[in-house]
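Written below as structure tokens is the structure these notes are about.
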Amino acid sequence: MTPGRRRWLPAAGAFVLVAVALPACGKDSPSILDHHGPEARHVAGVWWLMFGLAAAVYVVVAGLVVIAIVRGRRTSTPAEDGAAVVRAGTDRRSESAFIWAGGIVAPVVILAILAVVTVTTTRDVRRAQDGELQVEVTAKRWWWDVRYPESGVATADEIHIPVGRPIDVVLRSDNVVHSFWVPQLAGKLDAVPGQTNHLRFQASTPGTYLGECAEYCGLQHARMGFIVIADAPADFDRWLARRSGAGTGPTSEATAEGQLVFMREACAGCHAIRNTQATATLGPDLSDFGSRQWIGSVTLPNTRGNLAGWISNSQTIKPGNLMPPISLEPDELDALVAYLESLK
Amino acid sequence: MTLLDRVPTGKDLATLWEDAPGIPGFFSSVDHKRIGMRYIYTSFVFFFVAGLTALVMRAQLTTPESGVLGPQLYNELMTMHGTTMIFLFNTPVLAGFGNYLIPLQLGTRDMAFPRMNAFSYWIFLLGGIFMYLSFFVGKMPDGGWFAYPPMVSKAYSPGINMDFWGLGVVFVGLSTTVGSINFIVTIFKLRAPGMSLHRMPIFVWSMLVFSFMAIFAVPAVTLAAGLLELDRLFGTSFFVPALGGSALLYQHLFWFWGHPEVYILFVPATGMISQIIPVFSRRPLAGYLWVAASLVTIGFISFGVWVHHMFATGLPPLAMAFFSAVSLIIAIPSGVQFFAWIATMWKGTVRLTTPMLFAVGFLLIFLLGGITGVMVAVLPFDWQVTDSYFVVAHFHYVLNGAVVFPIFGAIYYWMPKMTGRMLSERLGRLSFWVMFVGFNVTFFPMHILGFLGMPRRVYTYRDGLGWEGLNVMVSLGSLVFALGTGITLVNFLISRRRGRPAGDDPWDADSLEWSTTSPPPDYNFASVPVVASAHPLWDQKPLPYASSGSDEETRGLGPEGAVERETPITSGIDTAPEGNLTIPEDTYLPLMVAVGLAVFFLGLLVNAAAVGVTGAALAVVGAVWWTWRTEEDLA
Amino acid sequence: MTAATVPVPGPGPTAAGVDPIRPSTRRGYSTAWWGMAVLIMTEGMVFAILLASYFFLRASAKEWPLGGIEVPKLELALPFSFVLWGSSIPIFWAEAAIRKGRVGAFKAGMAISFVMGLSFLLFTLYDFDELTFGWRDNAYGSIYYTIVGLHAFHVFIGLAMSVGVQAKAWLGRLDHGRHSSAEVFSLYWHFVDVVWLFVFPSLFLSLHL
Ligand code: HEA
Ligand code: HEA
Ligand code: CUA
Ligand SMILES: [Cu+2]
């Protein structure tokens, strides 16, 4: 077998691998091909079209490369090969025709297809629509502030949306550039300081979708995740209503004690909790913390143990994040954890 | 037989052109070949450093939630990896080949501004050292290779880290600019008689395009980094949104350079390929004019696509669709080159020597990298994959594949000329195969990781996202690839000691550098060759040389010019001799000015006025002295 | 020194099969001049990009100048701009003179141009002193100081080059055959003037329209 042939088999194999592996791998991953909304679906479609074209281009062109090599080797005797420079038979016209056909005509056709696809897809996605639900998302270092302007509900790192309703994420940053990305729902949009961007998308199936910060934003860019929870509209309304009503306040002795600790310690200097005197915005709003799935922007699952660890020293968990370690007596910590977990 | 033996002037050319011996000669040489070699050696040191950095990064990324590196260190290494590869390896290594080869390929005795040439090397070296000082003070830049403010502004990055980057970039940009001016004037004014533009080797064409692109693009990055430093050091507010500055302005400035930059790297790499493929296909390049025109076209178009790096910033869709379309169009000149190479091999008889293997490897890798480039140019698709590992895969296929593979090919092809000794074919082939396999194992899975939602520039990732296996594969592959590059390193070291002597022209190649000895004498050509073909060594047997004419204009063509340390200046288009350029003796002035500037930048860095003023004074004194002692007609 | 022949095949200008090598009929510019021409391309790019940045910031601002800073005044800027542009004229004259070897006229032209350039530079410094805002105040201040300051720096470098060339002339190092440093300087000076042709309308005039 010639070296040339050996090289091109794995290349073709690789393409088959992608075709097979991509959808399969996507099981646990926030894969862009595992689409759950119109934008992601459109783009997945664009991908499969491009994949087909790319595979064809690769196979044909790489095939030509390999044949060109093999051909030459066959037609030359070693003696010729060593010395003679082929000048005769240098047919300018056929060369030009070949270069025209392969380098210009064929690409123009393919690129024209891609250009049309680009324009039509761009037109079809991210359009303003009636009945949009506005969600104001402000990228922080390194977490996401989430607000629903119509109902005044505030939360963090977790965005609830109703399935089937167009969403308008009003994206801002008051610090550095970040990027909002939920692969299964839509492509990225940056949060640029001094600028307001609108990311419009929809979820078509209920579920929890992982989101990530996709623009390098410093030390903890890697742990600046969030989740988007798409609920049936009724569930969403219930979720929203629960958070916009007057809160219940602490329901037990332990949680009341926890609230005291929260207000007494530094916590209230950075965090807000609805219907309390804690209104600071340096850190995430904790009003519904007990119902949230993650701590520290998708760093740790929200369990009591993890929370206690986070409060005592979040720096060991997410080094460099902007919450200082806070040392509390064990019983204070327990009460605080109980309080925070009771906020729903 | 050396050319020297053929020159019966009675004068010993070798001593006339020789640098001072030993250390003084080292610091004062202005010989383009010595400088070219230094560029190549120095940039390869940076390549191995940055490669090693990548391996350490891969150690961290092999497993989820890994603790090999903390976030700060990872971010620093990631930044230095990208910055080093682009600024301190790729650009200068190509400048090094250009420096070495252009005068030889053009049939002249040195560059147009030999002292400037030395100066640009010293700037590059000192700039590199400057950036790596950060390593020794433990404060490496950590803003990524494109360092977006406000993240890197004083408010969010108060340390000295980014000052190393910002000042270093301005400094190294100076080297590229000076080098490019030198290339352009050399190419236009020092070509041997008869070497009209359409007879120039494609590599020279590619360096001409490289230089013009650099001339027009580098100011943008100098300003991006320069204004950033003004913000950081002097409190201006170009990139401070609260004071009317703009975060996006920086991105525009950076990418207005950044995009052309990647073609600045790519174009000379294809120029190398266009030299190697014909020689080992045993026939002239098919569609020479097509290829030259493609290079120029790529140069032009590449200034109109920078926004494709900003597709996610929320610009108006219509504007972005325009940049999307232009980005697609740039595939056409690449396609033209591609088919010219195929046609060349098709009509020729291919000899799969090591340089040719690297060329073929380049073809197969670049094809994929180019195709994924076209994919990310499609606006809505890019929204999904930008800033994910898919883009990391794309740019390693093009940067590492389509630039580094040609450079390795060029090492195997031209090192025999530069050192006079062949590299081992056996080790060369082995190195190629290990690199080729390692490369694909490393970078192919990154495409898939991008699809699976893995963002780039993350120092770690959670378990259970389906990224684990592929990351292991990537890391293993990177070791294989590194091993492959190591084999070439070993090959080179062995060859320097006991490589087979190369002779003047081991490949039976077509361009002028192969007409002189290996390594060439200090004066390159005692008599300048007279060119009548794009492939002088194939078509003009034996190659004619000029003798010195009786008038001032043609006196320098023959050995008399060599004896006078002169090289002929010819008219830009038709290469008619116009006069002679005196090649200066070796001098410390370039080093002095470069050191002065470096000290000046150091002063800015540590905010010490006294240091800055001292450096500036040194540079100014050197520059005045330099230009003052300039004989007229000599720069 | 003695002329040499080359005992390799195809000896030179009249070798068989090779056209004789005829010297160029025109005297070309020196390599230094070409080097300066290319340097000017890249410098021109610097100013073009700075002006583009100026308009970018201006377009994204609600008011311009930002923060109620007053519009740059024209009373002095306009006449001094003409002084700067005018300083190119004696240079044309001086360059023509040195080509003919008239060193005296050359020195005179250079001196006149130098005085004009210097007065413009002094005006710029005076203007900086008069400004009511600093480069730290906001992005307008930053870009204004940067562009005008960088241009002034170029004027300064031009003046320094002028001193060097004039010194060479006084020392008798320039004549009709050797004057490339004069040509290089002249090219640079025209460039500095042309830059102001763009800077002045952008930063000054356009705000008065
Ligand atoms: C050597 C360097 C190099 C080269 C040659 C290229 C080549 C191309 N690149 Fe790439 N690019 C980079 C280096 C390079 N790139 C880097 C470093 C980045 C990332 C920077 C960062 O973010 O850190 C980047 C990122 C990048 C982006 C932004 C992605 C993002 O951040 O979201 C885009 C988008 O348009 C793009 C497009 C292209 C295109 C269209 C080409 C084309 O030129 C490719 C053309 C070639 C071919 C297509 C193959 C040959 C052609 C044929 C055989 C004809 C037939 C083919 C078809 C019809 C398809 N590149
Ligand atoms: C020419 C450019 C170039 C080259 C050659 C490479 C080479 C490599 N790159 Fe790099 N890379 C970039 C340019 C380049 N890269 C850029 C611009 C970025 C973006 C940075 C940013 O986002 O800001 C990047 C980012 C980048 C990332 C993403 C980081 C992130 O987003 O978090 C990764 C991750 O795996 C990576 C890996 C590698 C690897 C494994 C190699 C390997 O090929 C390296 C192999 C190692 C070596 C070649 C040297 C070691 C060899 C030896 C020490 C010899 C051994 C000796 C014997 C065995 C005898 N690179
Ligand atoms: Cu926020 Cu990355
Ligand atoms: Cu680009």
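Treat the numbers as computed from the prediction; the structure is a model and nothing was measured. Each chain gets a letter, A, B and so on, in the order its sequence line appears, and its residues count up from 1.
- Heavy-atom distances place no part of B/Tyr461 under 4.5 Å from chain A, backbone and side chain included.
- Atoms CH2 and OG1, on B/Trp383 and A/Thr121 in that order, are 9.5 Å from each other to the nearest 0.5 Å.
- A salt bridge links B/Glu65 with A/Arg223: the closest approach of a Lys/Arg side-chain nitrogen to an acidic carboxylate oxygen falls below 4.0 angstrom.
- Against chain A, the residues from residues 313-327 of chain B that qualify, each with a non-hydrogen atom under 4.5 angstrom away, are B/Thr313, B/Gly314, B/Pro317, B/Ser324 in number order.
- Put simply, of A/Pro107, A/Gly320, A/Cys217, the one with the most heavy-atom pairs under 4.5 Å next to chain B is A/Cys217.
- Interface remark: B/Arg462 contributes side-chain atoms only to the contact with chain A (heavy atom separation under 4.5 Å).
- Side-chain atoms of B/Gln384 come within 3.5 Å of backbone atoms of A/Pro183 as a donor-acceptor pair (strictly under, hydrogens ignored).
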Hey, can you pull the donor-acceptor pairs under 3.5 Å for the side chains in residues 359-373 of chain B, sequence neighbours left out?
unit_1   : atom_1 : unit_2   : atom_2 : d
B/Thr372 : OG1    : B/Leu368 : O      : 3.3
B/Thr372 : OG1    : B/Gly369 : O      : 2.9
B/Thr372 : OG1    : B/His394 : ND1    : 3.2

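- Using cut-offs of 30° and 60° for the angle between ring planes, the A/Trp47 and B/Phe381 rings count as parallel.
- In this structure, the separation between OG1 on A/Thr118 and CG on B/Leu328 is 5.5 Å, given to the nearest 0.5 Å.
- For A/Phe98 and B/Phe339, the gap between ring centers is short of 6.0 Å.
- In this structure, chain A has heavy atoms under 4.5 Å from both the backbone and the side chain of B/Tyr459.
- Across all non-hydrogen atoms, the minimal contact from A/Gly218 to B/Asn75 is O-ND2, 3.6 Å.
- Using a 4.5 Å cut-off between heavy atoms, B/Gln337 does not touch chain A at all.
- For B/Val152, no part lies under 4.5 angstrom from a heavy atom of chain A.
- Contacts between B/Pro149 and chain A at a heavy-atom distance below 4.5 Å involve the backbone alone (N, CA, C, O).
- Here B/Thr460 is the residue among B/Thr344, B/Asn440, B/Thr460, B/Val437 with the most heavy-atom pairs under 4.5 Å with chain A.
- When the options B/Trp290, B/Phe338, B/Trp341 are evaluated for a side-chain contact (heavy atoms from CB on, under 4.5 Å) with A/Ile99, the one that passes is B/Trp290.
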